[in-house]
Amino acid sequence: MPIDIDTLNGPQREAVVTTEGPLLVLAGAGSGKTRVLTYRIANILEQNLAAPWEILAITFTNKAAAEMRERLAQLVGTRSRGMWVSTFHSMCVRMLRADAERLGFTKNFTIYDTDDLKRLYKDIMAELNIDPKRFPVNQLMNRISQAKNDLVTPGNFDAHDPVGKVAERVYERLQERLRAANAFDFDDLLLYGYLLLKNHADVREAYQDRFRYLMVDEYQDTNRAQYAITQLLAAKRRNIMVVGDDDQSIYSWRGADLRNILEFESDYPEAKVVKLEQNYRSVGNILAAANAVIANNQHRKEKRLFTDSGDGEKISVYLATDERDEGRWIAGEIDRRRSEGTSYNNMAVFYRTNAQSRMLEDMLLRAGVPYRIVGGTRFFDRAEIRDVMAYLTLVMNPADDIAAKRVVNVPRRGIGKTTIERIDQYGREMNMPFLTAAELAVVDPDIRASTRNAVGEFIQVIKDGATYGGDLRKVVEMIIDKAGLIRALQDEGTDEARGRVENIQEFLGVVDEFVQTHDAEESDFAAPTVGEDESVEPVRVLRGDSLADFIEWVRLRTDLDTVTEDGQAVTLMTVHSSKGLEFDCVWVAGMEETLFPHMNSVGDAAAVEEERRLAYVAITRARKRLCLTCAQQRQIFGQTHANPVSRFIGEIPSELRQTSGLGSAGFSGTGWEKRGSRRGIAGSGTEAGEGRVFGRSSASGAQGRSFAEYRAATGTGRAAGSIGGASRAGSGRIGAGANPNAGKKEGARATFAAGDAVDHKTFGRGTVVKVDGDTLHVKFAKTGQTKKLLKDYAPIVKIG
DNA sequence: TCAGAGCAACTTTTT
DNA sequence: GTTGCTCTGA
Ligand SMILES: Nc1ncnc2c1ncn2[C@@H]1O[C@H](COP(=O)(O)OP(=O)(O)OP(=O)(O)O)[C@@H](O)[C@H]1O
């Protein structure tokens, strides 16, 4: 089946058939860059110019990678199987797994996320006697992260300011500690990936020989490390295609450097440049607005961008009185669009900062609009899940001190701060991992016998864990069991503990999901090895049967990766997360000065330009309809601020806009949005036990989303089906609107009376014991306490 | 050694 | 509005 390049326009086709030599596609939003890249790969495969293992495609997120793989499968069927389509970070993990020893690490290294890393920083700062008051951890972390992204190693770190001097010391110690723990942080993946290629010529050549074709999407947001890796990989064959839009560069704070794409032509003087000028995504008005806004940036390459589709509706601007009104209006509009036939999946609400999601969530909840949130607290960030992960990690990598210290006394074994400190210090003096030092502590007569026993017990859990074999799910279950994590929680007997147990059990569901989505068909080609025969097809490695694979998968997973078409729900996310996506209807909330553009950026011309690019990204995600909202006043930090309307709104020509709000104009309420009345969604009651009305687990308190919600959002392909009823039940409860139709009519205008069963977003289920004007007295089952709540404000709905 | 209370700083954006 | 830290009393 030849691929159908007739659906492409002239320049797109040109890019697709230009298979040899460097190629730059620099083009505006929605012009089909990603599509071109995908078709180009399909074409290369179709023409037998390269085998699938000889092609490397880099995307910005894992989700984008998965989508591209899927798209390729549609185009060329099974031929694309096993191809390396991944993010820079994932690719580096693979490279490092193959050759970790060269860098003084072992294959079973751990990847530290921000939370782990912060612990390590605090540890180091205590060790080096650095006062976190004078030198904030975050500041040091940023500084060092920046250095890593710029490929500055501790030896080259040359700072003269006070913070820099301190950072220099911390950086040096950090790398020592990470190496000792056999761990990489996110930035290290790139840094060491680069160093591996740079310093080991034979390894570098193996990669250069393997990959005949190299393609990088979203090239405008690559940082120095990613750029350098790309350069090294492409150096030999120079068959590199990069795709991007300088107007969509929004990650400079993470080290992304526009020069990488702007200077592509000087890096590769023989490069062919293709411009795409037709936008296939948005209607005329939206495109005109985007063009007008971005034109205000001084430092950019002028680009033409047109569309053949009609003007469409005007851009609607809603001036809300406050953030509550804003959310309420958006919910109402979503409802309206939905009744006009747009599915929830084709709608999205964006915001500049994660903190803004709270009010939006609350209002959608009241409106009965199902939503899913991208970002914020993740399921895997919950304490109990992190504990489980720490045990698993430790079994795989006993040198991981952060993990060891995290769970040495979880569940409570009576190992206190003093003992931990003692073991830690001994370990550091003797230059050995915490776990080894702990082993010696078992025979240390200076430590109480009971404590020594407890330490011995802990070590045994880890040692036994390493001997378990077979089925991944079984292994994980056995480790959890041996550690006694569930038992300890059950003994607590509180509702909160029960919620945690539930989460751990749901975590086991994640393991199943992982195993099922990583079957033999999904296996990837093994990493290149030194001296391999180019003509022989590399073996394909199943990356889904080991603890190491699972842990890596969890670590590199982001919430964005969980956005699927499964279930009907509106998507809520930051503008940053929306890059590369598209929706029929888009609402952008918080279009105010100091929020968007953010106050930290105002006053710095370059930063304002980046904010404007961000606005450009937001606007260009919309296919048919765009609404921008702002609030006259808004609570930030618990204080009320009155901010002017964002300059970006003013930059949209007024004839393209239609303004409403501030009072009543343009809003036809239906009654539910009034304070005090609401459409509670009586739980569809699919889950055994307590039905959850809210997206958060009522049993486990307010931290993070419930797994049910998470899973609903994940429900990837086949896994969703195989989890079966549970999964479907889950997807019915993404966010608020359990069943999109439920509660729509009859649930409206709920008032409260004594005896009503209610569900509170934070406190869970309860019963109204008394109604006192606007004040409800609710007795909550979980705490047994009675709380006074203002019925107009509390996130509460009537159930049953 | 540990739990709970009280308090402080926090939020710009993420692989 | 929350999360993580310190302090205190048992
Ligand atoms: N030649 C074409 N004919 C019809 N539709 C097209 C064509 N090219 C692209 N599209 C559609 O336009 C939309 C945008 O394409 P794509 O996501 O590849 O653009 P992009 O340039 O990568 O966008 P952005 O930079 O904004 O992420 C997609 O829905 C795609 O299917």
Side-chain angles (χ1 to χ4, degrees), chain A residues 58-65 86-93 111-115 117-119 122 132-133 136-138 141-142 145 148-149 184-191 193 218 221-223 225-226 249-256 350-359 362 374-378 381-383 409 412-421 448 450-451 454 492 494 555-561 573-579 590 594-602 604 607 610-611 613-615 617-618 635-639 701-704 761-762 793 795:
Chain A
I58 303 286
T59 58
F60 198 69
T61 60
N62 290 310
K63 182 188 184 236
S86 71
T87 62
F88 275 106
H89 287 86
S90 302
M91 176 184 69
C92 286
V93 170
I111 301 163
Y112 279 177
D113 66 15
T114 320
D115 193 83
L117 195 63
K118 203 172 205 162
R119 282 165 195 269
K122 284 178 184 162
K133 292 245 156 46
V137 189
N138 286 332
M141 284 177 76
N142 280 336
S145 166
K148 288 183 173 182
N149 284 322
F184 296 101
D185 67 22
F186 278 126
D187 302 319
D188 279 345
L189 294 175
L190 302 176
L191 176 62
E218 307 277 13
D221 271 326
T222 49
N223 61 31
Q226 294 166 327
S249 170
I250 53 176
Y251 285 93
S252 73
W253 49 275
R254 215 172 75 184
F350 303 157
Y351 34 82
R352 178 69 234 281
T353 67
N354 283 309
Q356 287 167 258
S357 72
R358 209 163 292 278
M359 182 54 71
D362 190 30
V374 176
T377 329
R378 307 186 313 154
D381 286 338
R382 297 165 152 272
N409 195 34
R412 306 255 115 94
R413 299 189 172 90
I415 304 170
K417 217 168 132 190
T418 333
T419 314
I420 294 175
E421 197 97 303
R448 265 216 319 259
S450 63
T451 313
E492 266 183 54
T494 62
R555 287 303 164 112
L556 289 183
R557 210 176 151 103
T558 63
D559 264 5
L560 191 60
D561 304 331
M573 65 176 127
T574 63
V575 181
H576 279 90
S577 300
S578 76
K579 191 168 73 155
T594 77
L595 200 57
F596 196 2
H598 196 270
M599 55 187 294
N600 295 2
S601 301
V602 178
D604 174 349
E610 178 146 321
E611 297 276 334
R613 291 195 292 271
L614 202 49
V617 168
Q635 299 260 340
I636 301 171
F637 283 137
Q639 276 182 323
Q703 320 115 298
K761 195 169 169 185
T762 311
Y793 294 95

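In the text below, chain A, chain B and the rest are named by the order of the sequence lines, each starting its count at 1. Remember, predicted model here, so these are calculated numbers, not experimental data.
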Novice: Would you please name every residue forming a side chain to side chain contact (heavy atoms under 4.5 Å, CB included) with A/I636, sequence neighbours left out?
Specialist: A/R634, A/H641, A/N643

Novice: Suppose we screen for ring pair (Phe, Tyr, Trp, His ring centres under 6.0 Å). Which residues come up paired with A/Y112, at least two apart in sequence or across chains?
Specialist: none

Novice: Go through the structure and list residues passing side chain to side chain contact (heavy atoms under 4.5 Å, CB included) with A/E421, not counting sequence neighbours.
Specialist: none

Novice: For A/F60, which residues count as a ring pair (Phe, Tyr, Trp, His ring centres under 6.0 Å) partner, sequence neighbours excluded?
Specialist: A/Y251

Novice: Using a cut-off of 4.0 Å between protein heavy atoms and nucleotide atoms, how would you tag nucleotides 3-12 of chain B 5' to 3' with B, S and -?
Specialist: S-------BB

Novice: Given atom CG of A/L595 and atom C1' of B/dT13, what is their separation to the nearest angstrom?
Specialist: 12 Å

Novice: Less than 4.0 angstrom between a side-chain N/O of A/T61 and OP1 or OP2 of B/dT15, yes or no?
Specialist: no

Novice: Under 4.0 Å, heavy atoms only, any strand: does A/F596 hit a base, just the sugar-phosphate, or nothing?
Specialist: nothing

Novice: What integer number of Å spans the P atoms of B/dT13 and C/dG4?
Specialist: 16 Å

Novice: Provide, to the nearest angstrom, the distance between the CG atom belonging to A/L556 and the P atom belonging to B/dT15.
Specialist: 10 Å

Novice: Find the distance A/R382:CZ to C/dT2:P and express it as a whole number of Å.
Specialist: 13 Å

Novice: Among all residues two or more places apart in sequence or in another chain, which pass the side chain to side chain contact (heavy atoms under 4.5 Å, CB included) test with A/D604?
Specialist: A/A606, A/A607

Novice: Would you please confirm or rule out a distance under 4.0 Å between OP1 or OP2 of B/dT15 and any side-chain N or O of A/S90?
Specialist: no

Novice: Taking Watson-Crick and G-U wobble pairs with both distances under 3.5 Å, convert DNA chain C into its dot-bracket string, 5' to 3', dots for unpaired and | for cross-strand pairs.
Specialist: .|||||||||

Novice: Could you list the residues that satisfy side-chain hydrogen bond (donor to acceptor under 3.5 Å, both in side chains) with A/D115, not counting sequence neighbours?
Specialist: A/R119

Novice: Among the nucleotides B/dT1, B/dT15, B/dT13, which one has an atom lying closest to any side-chain atom of A/T114?
Specialist: B/dT15

Novice: Within this structure, what is the CZ-to-P distance between A/R119 and C/dT3, rounded to whole angstrom?
Specialist: 14 Å

Novice: Could you work out, with side chain to side chain contact (heavy atoms under 4.5 Å, CB included) as the rule, every residue matching A/Q226, not counting sequence neighbours?
Specialist: A/F88, A/H89, A/L190, A/T222, A/N223

Novice: Return yes if some donor-acceptor pair links the side-chain N/O of A/R413 with the main-chain N/O of A/A454 below 3.5 Å, else return no.
Specialist: no

Novice: Can you measure A/D221 atom CG to B/dT13 atom P for me and round it to whole angstrom units?
Specialist: 16 Å

Novice: Which residues pass the side-chain hydrogen bond (donor to acceptor under 3.5 Å, both in side chains) test with A/D185, sequence neighbours left out?
Specialist: A/K148

Novice: Between atom CG in A/N223 and atom C1' in B/dT15, what is the gap in whole Å?
Specialist: 10 Å

Novice: Send over the distance from A/Q635 CD to C/dG1 P, rounded to a whole Å.
Specialist: 9 Å

Novice: A/N409 near the nucleic acid: base, sugar-phosphate alone, or nothing, with a heavy-atom cut-off under 4.0 Å?
Specialist: sugar-phosphate

Novice: Between the protein and nucleotides 4-10 of chain C, which nitrogen or oxygen pairs come in under 3.5 angstrom?
Specialist:
| residue | atom | partner | partner atom | Å |
| --- | --- | --- | --- | --- |
| C/dC5 | OP1 | A/K122 | NZ | 2.5 |

Novice: State whether the side chain of A/D221 and the backbone N or O of A/I250 hold a donor-acceptor pair below 3.5 Å, judged by distance alone.
Specialist: yes

Novice: Excluding sequence neighbours, so at least two apart, what forms side-chain hydrogen bond (donor to acceptor under 3.5 Å, both in side chains) with A/D187?
Specialist: A/S145

Novice: Nearest-nucleotide wise, let me know which of A/T451 and A/F60 is further upstream toward the 5' end of DNA chain B.
Specialist: A/T451

